[in-house]
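Only a predicted model underlies this, so the values are computations on that prediction, with no experimental measurement involved. To find a chain, count down the sequence lines: A is the first, B the second, and so on, and within it residues start at 1. Worth knowing before you read on, the calculation uses all heavy atoms, side chains too, and leaves out hydrogens, waters and symmetry mates.
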Number of protein chains: 2
Amino acid sequence: MRMTKRSTVIDVAKAVGVSPSTVSRYFRGITVAEGVRARIAEASARLQYQPDETARALRGGRTRTLGAIIPQVTNSFYAQAVQLIEDEAHKRGYAVILLTHQENAEQQAAQLSTLRRYRADGLILAPAAGSTAEGIRNVVHGMPVVAIDRFLSPAMDSVVLRNHDAARTATEHLLQHGYKRIACLLSRREIMSFEQRWNGYKEALESRRKAPILIEAPNHDELRYHLCSALLSRKGPDALLCFSNRATRTALQAYDELALPKTSRLPLLGFDDFEMAAMVDPAVSVVRQPVENIVRHAISILFERIAGNDSLEMQNVALPGEMIYRHSCGCK
Amino acid sequence: MRMTKRSTVIDVAKAVGVSPSTVSRYFRGITVAEGVRARIAEASARLQYQPDETARALRGGRTRTLGAIIPQVTNSFYAQAVQLIEDEAHKRGYAVILLTHQENAEQQAAQLSTLRRYRADGLILAPAAGSTAEGIRNVVHGMPVVAIDRFLSPAMDSVVLRNHDAARTATEHLLQHGYKRIACLLSRREIMSFEQRWNGYKEALESRRKAPILIEAPNHDELRYHLCSALLSRKGPDALLCFSNRATRTALQAYDELALPKTSRLPLLGFDDFEMAAMVDPAVSVVRQPVENIVRHAISILFERIAGNDSLEMQNVALPGEMIYRHSCGCK
DNA sequence: CTGAAAGCGCTTACAG
DNA sequence: CTGAAAGCGCTTACAG
C-alpha cells in the first residue's frame with residue numbers, strides 16, 4: 001500500500017520558499033520571476049506535484065471537462081465523431097466524459113443530469129429522438145451545448161449534414177439509373193436527420209410524380225423483416241436508399257438471408273461511409289458525411305461559448321455531403 | 001444570460017430547516033428521519049439541487065469517475081469495449097473519461113497523467129506498445145488499473161484473450177485445409193497480444209515443421225504494400241492469418257487493389273469479428289473475442305480494487321476466443 | 001511580481 | 001437520528 005500522500009501546492013511552495021499563490025500562478029501560466037520559475041519546476045518534478053483538477057474545478061468554476069453524448073459508440077459514424085472530439089479536446093487541455101443514450105430520451109435526460117453534476121464546461125450532443133432543445137436546456141441550465149448530426153432548434157447551436165440536399169441528390173442519382181420504385185430504409189422518422197432526408201427524397205420523387213415508399217422499424221430485426229417482405233412482394237421496390245450505415249447493413253443482411261443471387265439484389269445507396277464499403281460485392285455507394293468538419297466546427301463553436309463570447313450569434317451550420325459512387329447504386 | 005446561481009446543500013438545508021449534514025446524508029443514502037426525507041426530496045426538486053461532484057470529489061476523495069485509455073475508438077473492437085465500459089460504469093453511478101493513445105507510448109503517458117490530475121478512481125487500459133506496468137504505475141501511483149486486451153505483467157491485473165491458444169487453433173484450422181505457406185499479417189510484434197498470437201502460430205507450424213512467414217508494418221499503407229509484394233512473388237504465401245480487424249481490412253484492400261479475381265484471392269482467417277464480416281464475399285472467418293466478458297471481468301476486478309478489497313490477489317485472466325468459420329478460410 | 005486571507009460546496013469525524 | 005465545526009486543495013481578489 002502506497003501511503004505517501006500526493007503533494008499539494010503548499011508542499012511545493014514550502015520547498016521553493018514562496019507562497020502557494022505563486023506556485024498556482026506558475027501552473028496557470030501567469031508571469032513568475034525567472035529564477036522562481038525554474039525552482040518551482042524543479043520542486044514540482046521532484047515532488048511529482050500536479051495540480052488537482054477537482055480542487056481547481058471547485059474553486060475556479062471550470063472543470064476543463066467536455067461532455068459528449070451520442071446514441072452509441074458501436075456505430076462507426078459516432079465512433080469517428082468521438083475520436084475527433086477526443087482529439088480536439090486533448091489539444092485544448094480538456095478531458096472528455098463520454099456518455100451514450102441508446103436512442104432513449106429518458107436515458108439522455110439521465111446523462112445530461114450526470115454532466116450537470118460533474119459540471120462539464122460544455123457539451124457536444126447527438127440528441128436522442130424525441131428530445132427538445134428546451135428539455136435539454138432545462139437539465140443542463142447554463143451549460144453551452146452544440147448539437148451534431150441532428151438539428152434541434154434554431155435556438156441551439158448545431159452542425160449537421162445538409163440532409164435534405166444530400167438525400168435529394170442521392171435519390172436523383174438513383175432515378176437517373178432508371179429505377180422506378182425507390183424505397184427508403186430507416187429506423188425512425190422522428191430522428192431529425194432522417195426526417196430531413198425523407199423530405200429531400202420525397203421532393204426528388206415528387207418532381208417525377210412518383211410515390212415514396214417507406215420501410216421503417218426501430219430495430220434491426222424488425223427492419224430486416226419488413227424489408228424481406230417488401231423484397232418478396234410482387235410490386236416491391238427496385239432500389240434502396242438506406243438512411244444510415246445501420247440500415248445499409250440491414251439491407252445487405254436481408255440479401256444474405258434470402259440468399260438472393262448477386263444479380264437479383266436490389267441496387268442500393270447508403271448514408272455514411274464505412275470501412276468495408278469498398279470490400280463488399282458490389283462495392284457500396286454512399287453519401288459520406290464530412291465528419292471531421294462537423295466535429296471541428298462544433299468544437300470551435302463550443303469553445304467560443306465556453307470562453308463566454310456573447311457576441312456570437314446562434315450557429316446552425318449544415319455541411320454538404322460527398323457522393324461516393326461505387327457500384328451498388330448501379331454505376332459501373 | 002442565466003444569472004441564477006445553482007443551489008447548494010445550504011440552500012436546501014435552509015429551505016427544509018435542517019443542517020447541511022442531514023441533506024448530505026440524504027443524498028448519500030444514509031438514514032434520515034422519514035418526514036425529513038420527504039421534505040428534502042421536495043426542496044431539492046424545487047430548487048433543482050444536485051450535489052456538485054467536484055466538491056464531493058475534493059472532500060470525499062472519490063471522484064466517481066473511471067478512466068478508459070485505448071488505442072483508438074475507430075477500431076470496432078475498442079468501440080465495443082468502450083460501449084461496454086460505459087454501460088457498466090453507468091450502472092454503478094460512475095462516469096467515464098475516455099482517452100486514446102494512438103499506439104504511442106508518450107501520448108499514453110500524457111493521458112495517464114491527465115487521469116491522475118482528474119483523480120480518476122480507477123482505470124481500464126489497453127496499453128500502448130512499448131509500455132510497462134512499472135512505467136504506468138509510476139504515473140498514476142495508487143490508482144487501480146486493469147489492463148485489457150494486452151497482458152503487461154503478472155503484477156498488474158489483466159483480462160485478455162487466450163491469444164496463444166486462439167492463434168494455434170486458427171493456424172491448425174488453416175493447416176487442415178491443406179495450406180502450405182501460411183503468413184501472418186500484423187502491425188507490430190511489440191504489441192503483447194500479437195506477440196502471443198505469433199507464438200501460438202509458430203507452435204502450430206513447428207509441429208508440422210513449417211517455417212513461419214511474417215508480414216509486419218506499423219501502418220496500414222506500408223502493410224498493404226508489403227502484402228502486395230508478397231502476393232505477387234513466386235513462392236508467396238498461400239493463406240493469411242490476420243492478427244486484427246485492421247490487418248483483415250488491409251488484406252481485403254490489397255486483393256481489391258491488385259484486382260485479383262475471386263478465385264485467386266488467398267484464403268484468410270482474421271482476429272476480431274466485425275459487422276460486415278458476413279457481407280464480404282467470401283464471408284470472412286474470424287476468431288471472435290469475448291469482448292463482453294473481457295470488459296465485465298475487468299470492470300468487476302477494478303471495482304473490487306476501488307472498494308479497497310486488499311485480500312484479492314492479482315488477477316491475470318485469459319478468456320477463450322470463439323472460432324467463427326465462414327467461407328474465407330476455405331470452409332464451404 | 002508576490003503574499004495573506006478567504007472561500008468554492010461538499011463530507012467527515014466528533015458530539016450528543 | 002442530527003448539528004457545528006473543520007477542512008479537502010486549490011484560485012481569487014485585495015494589497016503591496
Side-chain angles (χ1 to χ4, degrees), chain A residues 4-41 43-44 47-65 93 114 116-121 141-142 308, chain B residues 4-41 43-44 47-65 93 114 116-121 141-142 308:
Chain A
T4 51
K5 276 209 324 222
R6 47 191 291 165
S7 34
T8 69
V9 246
I10 298 183
D11 300 325
V12 176
K14 276 186 189 147
V16 176
V18 294
S19 76
S21 322
T22 300
V23 177
S24 170
R25 286 188 193 99
Y26 169 82
F27 279 99
R28 283 175 297 135
I30 294 175
T31 339
V32 162
E34 178 97 22
V36 176
R37 199 156 49 200
R39 277 150 62 211
I40 293 179
S44 304
L47 298 173
Q48 309 205 63
Y49 171 74
Q50 281 191 290
D52 180 324
E53 291 294 342
T54 68
R56 297 185 110 171
L58 180 57
R59 180 62 241 248
R62 285 166 48 211
T63 56
R64 278 160 250 266
T65 263
T114 298
R116 184 176 181 237
R117 282 188 287 112
Y118 283 89
R119 280 204 191 175
D121 291 342
H141 293 90
Chain B
T4 50
K5 277 213 319 229
R6 45 191 294 166
S7 33
T8 69
V9 245
I10 297 182
D11 300 326
V12 177
K14 275 187 191 144
V16 176
V18 294
S19 75
S21 322
T22 300
V23 177
S24 169
R25 286 188 191 98
Y26 169 83
F27 278 98
R28 284 175 295 135
I30 295 174
T31 340
V32 162
E34 180 96 22
V36 175
R37 199 156 49 202
R39 277 152 61 213
I40 293 178
S44 304
L47 298 173
Q48 308 205 67
Y49 171 73
Q50 282 190 288
D52 180 325
E53 291 293 343
T54 69
R56 296 184 111 172
L58 180 56
R59 181 61 241 248
R62 285 168 47 210
T63 56
R64 279 160 249 267
T65 263
T114 298
R116 183 174 180 239
R117 281 188 287 113
Y118 283 90
R119 278 204 189 175
D121 290 343
H141 292 91

Could you spell out the base pairing of DNA chain D as a dot-bracket line? Use Watson-Crick and G-U wobble contacts where both distances are under 3.5 Å, [ ] for crossing pairs, | for partners on a different strand.
|||.||||||||.|||

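- Distance, B/Leu58 CG to D/dC8 C1': 4 Å, rounded to whole Å.
- Using a 4.5 Å heavy-atom cutoff, the side chains of B/Thr22 and B/Val36 are in contact.
- Distance A/Lys14 NZ to D/dG9 C1': 13 Å, rounded to the nearest Å.
- At distances below 3.5 Å, at least one donor-acceptor pair connects side-chain atoms of B/Ser7 with backbone N or O atoms of B/Leu47.
- Judged by distance alone, the side chain of B/Ser24 and the main-chain N or O of B/Pro20 form no donor-acceptor pair under 3.5 Å.
- The nearest whole Å value for the distance from the CD atom in A/Gln50 to the P atom in D/dC10 is 11 Å.
- Contact annotation: the side chain of A/Val12 approaches that of A/Ile40 to within less than 4.5 Å [non-hydrogen atoms, C-beta and beyond].
- Residues from residues 20-38 of chain A that place a heavy atom under 4.0 Å from any atom of DNA chain C, listed by number: A/Ser21, A/Thr22, A/Arg25, A/Thr31, A/Val32, A/Ala33, A/Val36.
- Between B/Gly17 and A/Thr54, the residue whose closest nucleotide on DNA chain D is further toward the 5' end is B/Gly17.
- Distance A/Arg6 CZ to D/dG9 C1': 10 Å, rounded to the nearest Å.
- Residues B/Thr63 and A/Tyr118 form no side-chain contact, since every pair of their non-hydrogen atoms from C-beta on lies 4.5 Å or further apart.
- No engagement by B/Arg62 is indicated, since no non-hydrogen atom pair under 4.0 Å with the nucleic acid exists.
- Residue A/Thr8 holds its OG1 atom at 7.5 Å from NZ of A/Lys14, rounded to the nearest 0.5 Å.
- If you take CD of B/Glu53 and P of C/dC8, they are 19 Å apart, rounded to a whole angstrom.
- Distance, A/Arg56 CZ to D/dT12 C1': 13 Å, rounded to whole Å.
- Nucleotide C/dT11 holds its P atom 9 Å from the CG atom of B/Asp52, rounded to whole Å.
- Atom-to-atom, CZ of A/Arg64 to P of D/dC10 comes out at 12 Å; the value is rounded to the nearest Å.
- Between B/Thr8 and the phosphate of C/dG9, there is no side-chain N or O to OP1/OP2 separation shorter than 4.0 Å.
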Step-by-step side chain to side chain contact (heavy atoms under 4.5 Å, CB included) determination, B/Arg64 to A/Arg117:
CA-CA 11 Å; B/Arg64 279 160 249 267; A/Arg117 282 188 287 112; 5.6 Å; no

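- Phosphate contact (OP1/OP2 of C/dT12, side-chain N/O of B/Arg59, threshold under 4.0 Å): absent.
- Atom CD of residue B/Glu53 and atom CZ of residue B/Arg62 lie 9.5 Å apart, to the nearest 0.5 angstrom.
- The shortest distance between side-chain heavy atoms of B/His141 and A/Arg6 does not fall below 4.5 Å.
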